[in-house]
Amino acid sequence: MKNTASGWKVITDWLTARDRQPFAFQEEAWTYYLQGKSGLVNAPTGYGKTFSLFLGVVIDWINRHPKDYHSKTKNGLQLLWITPLRALAKDIARAMEEVLQELNIPWQVGIRSGDTPVSTRAAQKKNMPEVLLITPESLHLLIGQKEYPKVFTSLTTVVADEWHELLGTKRGVMIELGLSRLKGLAKKEGRSPLRIWGISATIGNLGEAMDVLLGTPDPEAVIVRAKLDKKIELQSILPDEIEKYPWAGHLGTRLLYKALPIVNESKTTLIFTNVRSQTEIWYQEILRQCPDLAGALALHHGSIDMELRIWVEEALHTGTLKAVVCTSSLDLGVDFRPVDTVIQVGSPKGVARFLQRAGRSGHQPGATSKIWFLPTHSLELVEAAALKSAIAQQIVESRMPVILAYDVLLQYLMTLAISDGFHAPEIWEEVKDTFCFRDMTEDEWEWTLAFLTTGGDALYSYDEFKKIDREGNFFICRSRMQAMRHRLHIGVIVSDAMLKVKFMGGGFIGMIEEWFIARMTAGDTFSLGGRILEFVMIKDMTVLVRKSNAKKAIVPSWMGGRLPLSPNLGKVLRETFNEALSGNTTEPELQVLQPLFNLQEYLSHVPKADELLIEMIHTRDGYHLFAYPFEGRLVNEVMATLLAYRLSKRTPITFSIAMNDYGFELLSDQPIPLTPDDVYELFSLDHLSIDLQASVNSTEMARRKFRDIAVIAGLIFQGYPGKHKQSRHLQSSASLLFNVFTEYDSQNLLLRQAFNEAFFYQMEEARLRESLDRIYNSKIVITYPEELTPFCFPIKVDSLREQLTSEKLEDRIKKMRPEF
DNA sequence: GACCTGCTGCGGCTTG
């Protein structure tokens, strides 16, 4: 190590004066950084991951300017810090500014994101701050400006913060592409290579995460791991009488009375729920049961007005709130020190997410993170036991990197075309050096260029798809109109059309989806942001409401994502059943569930880790087949479809299908042709692709995936900001393009991408193969219970829900449920 | 293409 003496001394003196000692991993990161290396830092939240790198940059600076590092000169951009959240950028900027001020280093820290004022942007353009915090989208907007290379001429370091969050998303691909350009610029201008660092929480594939970030394999690159034992304590909220706790359901309010004392005894509690409507319901219900909390309780989710959310976040900082009910909107980022308790309502679906949420409490070094698990139905308690075991074994999910996202590439090339234009060979070198596009062929590259210049085989007669001009190997967009439209569409997050909800007298409350409000008439009441509102009218694409004193109100629902149970959690879950039946378990969750397991074993069977249970039940409704792969709803659904198809090849028979994260149901009005001898072939991998093609409507799946792809690739103009465009217009233009490509341009890469995404994300094909293989090689146990079992019950209730009104449903459930 | 469970995230308005 050379030339590090003075910087080290300044920093260590500074830390010592504050009675602070750096963690070993921080020093390690600085050391590697000073050696000019790139890499990845992995540490739990709350341990100063930010400083592990930032102080390295500062030490380096002092070393390079041993005498005059205090002097005020314009140094240009040194450090680019990419964060996925605007709020995070603000937090980090504040922390960095403090450090710089204390060390008397006259650096500027700037933020570049969507809410950066125009005046600030202009000032930045003239004089870039030394440190710039930026979102992936804003980085691309920067690259979309004239003479953008000037911005980066002095850049030495890029940090990708919360890289685990972006890896595996198209926003991550944006970072890969942005980095490829910055690296290319450095090389072209003969500067020393950029130092690129990722900061990541623990995930299963840290090594791969680093490879994706760095693109080109770098044998010198290092992973710095904080060897810190973050203590996590998980405790379940148990029903007093398991016999009376529902076998099915998703709300969990039945156990609220047991959560309230926990809230009251804590300083501040975060209550995580899985869906937005659930936060609304929980908020109302908490206030009903505990009116004292009025004013000290808040709710937070993605469809609540930003101002209100910021207020809630501030109040969390200052510790003025007793509890906040939220969705994963509070998963990330901002550290709320007063939070000492976390309650997870329902299945967290994955180990990593659970750890992330647990980490929102005890957010300082050495502190224990305490999390309570509140099951929404009986069987979910097994997940708590499984989570404990997963945490003990440190089984954390991997994030699969996105591969060959042609839509993002098309958008990126357009971005380059609207700034200074690009030389194709130069950019191709850079692009195929990224992880995402390393398997792209030259033909495919030529296709993307041709698509942008001519519109491809299907669209060549429409001028609006001839976006850029080709001048030899140089590509540039000369149309100001196209350039402006493109700037409006940079980014890869495609949202559904939502309507703003606003009081008659002004004041925004949040967002509601079109279809939900469409069924309301004036005078109807609904709840949002914890308030009961009366619908008045829709004006200028805004829902106008007034306050209501009504006691009953409809809770809105949003069409959100449907995260399936993760493979890891599924696996540990299956293993946990072994322990459950052993009879000598020490886990309270499993002890409490003993009567339920006994009943399940009495009526049918409790499957062990190396078994698949199939229950064949005959009821008034018909002939049921229930199976429990515990592979998450997506895989369960495809498996059900596959089984239905393979069974129908034996005898003509039709089924209706239902599924949840644990298993699936096939229901028919005639006996299902299945015996212990011929059951295995149903799960065989032989002819899998052919059978899938015959049974699953992959074209329809691909069509749905195609909408986002077409928007990202810039084929669909979504309208000007603030101007509402109905989502069905979006849907229909995407559908139209899908048809046109299918018919006239079947080699279209975007079309291929749509099918790949359908197979990969919708059918989880890789996971399906693995689980079929597992089942084929395990023991399949078939039972013939006389009545519905605790295992099949939740699936049955879910499938009934689709057909009946809620009162009828309740009656039906009562009738279905056997006595203990 | 949507509802009785169904997440999160960002960005933009070229002009008299």
Side-chain angles (χ1 to χ4, degrees), chain A residues 83-89 112-116 118 134-141 144 162 165-166 169-172 174 248-252 272-281 300-303 306 326-333 345-350 353 356-357 376-377 480-481 483-497 513-520 554-564 633 660-661 700 703-704 707 717-723 727-728 730-732 734-735 794 797-798 800-810:
Chain A
T83 82
L85 263 68
R86 292 185 297 211
L88 216 53
R112 183 61 170 256
S113 67
D115 46 12
T116 306
V118 179
I134 200 164
T135 57
E137 289 80 5
S138 286
L139 173 59
H140 278 243
L141 281 162
E162 309 275 5
E165 276 296 318
L166 294 180
T169 72
K170 290 183 182 177
R171 297 184 81 200
M174 290 183 83
H250 306 282
L251 273 181
F272 281 104
T273 67
N274 283 337
V275 298
R276 285 167 277 188
S277 59
Q278 205 175 2
T279 62
E280 300 274 347
I281 293 167
H300 192 284
H301 61 71
S303 294
M306 200 36 107
C326 59
T327 59
S328 38
S329 54
L330 286 186
D331 265 3
L332 253 198
V345 179
S347 165
K349 311 273 188 185
R353 175 172 301 97
Q356 177 74 34
R357 290 183 175 175
T376 59
H377 62 260
R480 280 159 62 106
M481 159 88 157
M484 188 199 73
R485 280 185 162 208
H486 182 72
R487 276 198 192 93
L488 294 174
H489 276 68
I490 285 182
V492 291
I493 300 168
V494 184
S495 315
D496 268 337
E513 286 181 11
E514 229 174 16
W515 61 264
F516 175 79
I517 214 71
R519 62 175 193 180
M520 306 210 82
I554 311 170
V555 178
S557 66
W558 290 265
M559 298 287 306
R562 301 177 168 203
L563 275 175
R633 54 176 303 122
N660 66 13
D661 274 325
E700 201 42 49
R703 185 188 293 277
R704 295 212 183 126
R707 190 197 76 154
F717 184 62
Q718 285 187 294
Y720 290 95
K723 297 248 169 45
S727 50
R728 67 164 171 273
L730 209 68
Q731 187 66 33
S732 65
S735 196
V797 171
D798 275 358
L800 282 179
R801 202 192 311 273
E802 278 159 27
Q803 309 154 16
L804 302 160
T805 67
S806 55
E807 291 115 314
K808 277 189 196 154
L809 177 67
E810 222 166 276

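If you're wondering where the values come from, they're calculated on a predicted model, not measured in any experiment.
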| request: Grab the CZ-C1' distance between A:F272 and B:dT5 for me, whole Å please. | output: 18 Å
Kindly give the atom pairs (protein nitrogen or oxygen, nucleotide nitrogen or oxygen) under 3.5 Å for nucleotides 9-11 of chain B.
residue, atom, partner, partner atom, Å
B:dG9, OP1, A:R309, NH2, 2.7
B:dG9, OP2, A:R309, NH2, 3.4
B:dC10, OP1, A:R86, N, 3.0
B:dC10, O3', A:T135, OG1, 3.4
B:dC10, N4, A:S495, OG, 3.1
B:dG11, OP1, A:G114, N, 2.8
B:dG11, OP1, A:T135, OG1, 2.6
B:dG11, OP1, A:S138, OG, 2.7
B:dG11, OP2, A:R86, NH1, 3.0
B:dG11, OP2, A:G114, N, 2.8
B:dG11, O5', A:G114, N, 3.4

| Does the side chain of A:L488 come within less than 4.5 Å of A:Q718's, by heavy atoms? | no
| In chain order, what residues pass the salt bridge (charged side-chain N to carboxylate O under 4.0 Å, His left out) check against A:R357, with sequence neighbours excluded? | A:D331
| Given B:dG1, B:dA2, B:dC3, which nucleotide is nearest the side-chain atoms of A:E514? | B:dA2
| When you match A:R357 and A:A483 each to their closest nucleotide on DNA chain B, which lands nearer the 5' end? | A:R357
| request: List for me each residue that meets salt bridge (charged side-chain N to carboxylate O under 4.0 Å, His left out) alongside A:K349, sequence neighbours excluded, and say none if there are none. | output: A:D661
| request: Could you tell me the separation between the CD atom of A:E513 and the C1' atom of B:dC3, rounded to a whole number of Å? | output: 10 Å
| said: Can you measure A:L251 atom CG to B:dG6 atom P for me and round it to whole angstrom units? | reply: 10 Å
| Rounded interatomic separation in angstrom, taking CD1 from A:I281 and P from B:dG6 | 8 Å
| Think A:S557 has a side-chain N or O under 4.0 angstrom from the OP1 or OP2 of B:dG6? | yes
| request: Round to a whole Å and report the spacing from CG of A:L166 to P of B:dT8. | output: 17 Å
| said: Say we look at B:dG1 and B:dG6: how far apart would their C1' atoms be, to the nearest angstrom? | reply: 15 Å
| message | Base, sugar-phosphate or nothing for A:K170? Non-hydrogen atoms, less than 4.0 Å. | response | nothing
| said: How many whole angstroms separate atom CD1 of A:I517 from atom C1' of B:dC3? | reply: 13 Å
| field | For A:E280, salt bridge (charged side-chain N to carboxylate O under 4.0 Å, His left out) partners two or more places apart | value | none
| task | Nearest-nucleotide wise, let me know which of A:P556 and A:R703 is further upstream toward the 5' end of DNA chain B. | result | A:R703
| message | Nearest 0.5 angstrom please: A:L141 CG to A:E137 CD, how far? | response | 8.5 Å
| task | Would you indicate what A:R633 reaches in the nucleic acid, counting non-hydrogen atoms under 4.0 angstrom: base, sugar-phosphate, or nothing? | result | base
| task | Calculate the interatomic distance between A:K349 atom NZ and B:dT8 atom C1'; express it in whole Å. | result | 15 Å
| query | Can you list the residues that meet the ring pair (Phe, Tyr, Trp, His ring centres under 6.0 Å) rule with A:H300, with sequence neighbours excluded? | reply | none
| request: Tell me, please, which residues at least two apart from A:H377 pass ring pair (Phe, Tyr, Trp, His ring centres under 6.0 Å). | output: none
| What integer distance in Å separates A:E280:CD from B:dG6:P? | 12 Å
